[in-house]
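A short worksheet on the structure shown next.
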Amino acid sequence: MTAGRAETGPDAATDAFVAHRNLLFTVAYELLGSAVDAEDVLQETWLRWADVDLDTVRDHRAYLVRIATRQALNRLRTLSRRKESYVGPWLPEPLLTTPDVAEDVELADSLSTAMLLVLETLTPTERAVFVLRDVFALDYDEIAEAVDKTPAAVRKVAHRARSHVAARRPRGEVSPAQSRAALEAFRSAVATGDLQGLVDILAPDMVMLSDGGGIVTALPNPIVGADKVLRLFAASLDTFLRGATLEPVRVNGFPALLMRVCGKLDGVLTLRLDDGLVSGLYYVRNPEKLSRVR
């Protein structure tokens with residue numbers, strides 16, 4: 001008998017929701033790239049779950065995931081329209097995470113900034129199917145109910161999404177130790193003013209993105225090429241060295257840096273590694289996206 005079937009009523013509904021809350025939040029966050037919107041999805045999921053007759057529910061977890069996925073898909077379509085008018089590059093909202101997330105390599109990989117940006121290139125349905133199948137290993141029948149498609153159609157969507165992601169995800173498995181070493185090289189170069197330390201770890205065709213959301217100053221467009229990124233840092237070095245500190249933390253399952261200027265949080269830096277080199281630098285400055293790391 002599945003969990004929760006023997007007990008019904010408000011307490012049982014609350015217990016089931018609390019038991020699966022972390023799963024539901026992670027599903028919503030991976031679909032949306034926004035913790036704020038994921039929390040809203042949880043609220044909407046709870047309101048719908050509280051009205052369900054538990055006597056009719058065979059599997060609480062599957063039912064809750066179905067509600068959360070549908071709510072997230074509705075919100076994802078709204079966010080897609082919002083992103084069309086977003087000022088400058090859009091980056092996922094960074095999440096401070098605990099070491100146990102990094103121990104789950106598959107989950108940590110799916111939460112990384114680089115992977116969330118890959119998921120942005122999928123359609124809403126492809127993204128939902130990929131996350132539910134390849135990250136959380138739900139069966140095709142469960143996913144079919146969540147996205148209102150047949151199991152056969154879901155299999156096709158999953159295959160298409162998996163191929164799309166495989167062509168764009170970071171090359172080779174990246175360990176937290178590799179990320180930590182690359183970030184330490186960056187932190188050391190900025191702290192000492194010696195940018196030569198970055199030359200050996202930056203991929204020639206790397207890309208740097210900065211997200212200010214039109215609220216604070218940020219790079220209006222991606223910067224492509226290690227030489228251009230180095231010139232940018234060289235020109236900004238005085239600012240970095242004047243009252244700036246870089247604090248190592250774990251964000252989205254991987255090592256990251258919090259930058260503070262004169263003690264105030266300025267932004268969060270994460271990176272993408274390909275074949276041992278930094279191929280992407282992502283700096284989130286939008287204050288609306290920093291509430292979870294303050």
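In this chain, numbering begins with 1 at the start of the sequence shown.
Take D205 and apply the salt bridge (Lys or Arg N to Asp or Glu O under 4.0 Å) test, not counting sequence neighbours, and it matches no residue. In this view, E142 satisfies the salt bridge (Lys or Arg N to Asp or Glu O under 4.0 Å) rule with no residue, not counting sequence neighbours. Judged as a salt bridge (Lys or Arg N to Asp or Glu O under 4.0 Å), and not counting sequence neighbours, the contacts of K83 are E120. Checked against side chain to side chain donor-acceptor pair (under 3.5 Å), R162 has the following partners two or more places apart in sequence or in another chain: D134. Legend: residues meeting side chain to side chain donor-acceptor pair (under 3.5 Å) with S210, ordered by chain and number and at least two apart, are absent. Listed by chain and number, the residues in a side chain to side chain donor-acceptor pair (under 3.5 Å) with R160 are E126 (sequence neighbours excluded). By the ring-ring contact (aromatic ring centres under 6.0 Å, His included) test, F17 is found to be paired with W46, residues two or more places apart in sequence or in another chain being considered. R21 is linked by a salt bridge (Lys or Arg N to Asp or Glu O under 4.0 Å) to E39, counting only residues two or more places apart in sequence or in another chain. Take Y63 and apply the ring-ring contact (aromatic ring centres under 6.0 Å, His included) test, not counting sequence neighbours, and it matches W49. Residues passing the side chain to side chain donor-acceptor pair (under 3.5 Å) test with T121, sequence neighbours excluded: H164.
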Distance-only check: which donor-acceptor pairs under 3.5 Å involve side-chain atoms of residues 144-157, not counting sequence neighbours?
residue, atom, partner, partner atom, Å
E145, OE1, R66, NH1, 2.7
D148, OD1, R70, NH2, 2.7
T150, OG1, A153, N, 3.1

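For the pair R292 and E93, the salt-bridge criterion is not met [side-chain N within less than 4.0 Å of a carboxylate O]. Salt bridge status for E84 with R81: absent, with no side-chain N to carboxylate O gap under 4.0 Å. The existence of a salt bridge linking R169 and D109 is confirmed by a sub-4.0 Å separation between a basic side-chain nitrogen and an acidic carboxylate oxygen. A salt bridge links R272 to D274: at least one charged side-chain nitrogen sits closer than 4.0 Å to a carboxylate oxygen.
A side-chain donor-acceptor contact under 3.5 Å links D211 to the backbone of L91. The backbone N or O of H159 lies less than 3.5 Å from a partner atom in the side chain of S163, making a donor-acceptor pair. Under the 3.5 Å distance criterion, the side-chain polar atoms of R250 are left unmatched by any main-chain donor or acceptor of A256.
Here the straight-line distance linking atom CG of L258 with atom CD of E247 works out to 5.0 Å at 0.5 Å rounding.
Side-chain atoms of L219 and L209, non-hydrogen and from C-beta on, never get closer than 4.5 Å to each other.
Annotation for I215: hydrophobic cluster partners, listed by chain and number, are V216 (ILVMFWY side-chain heavy atoms under 4.5 Å, direct or chained).
Q43 pairs in a side-chain contact (heavy atoms from CB on, under 4.5 Å) with only one of the listed residues (D40, T45, L47, V41), which is L47.
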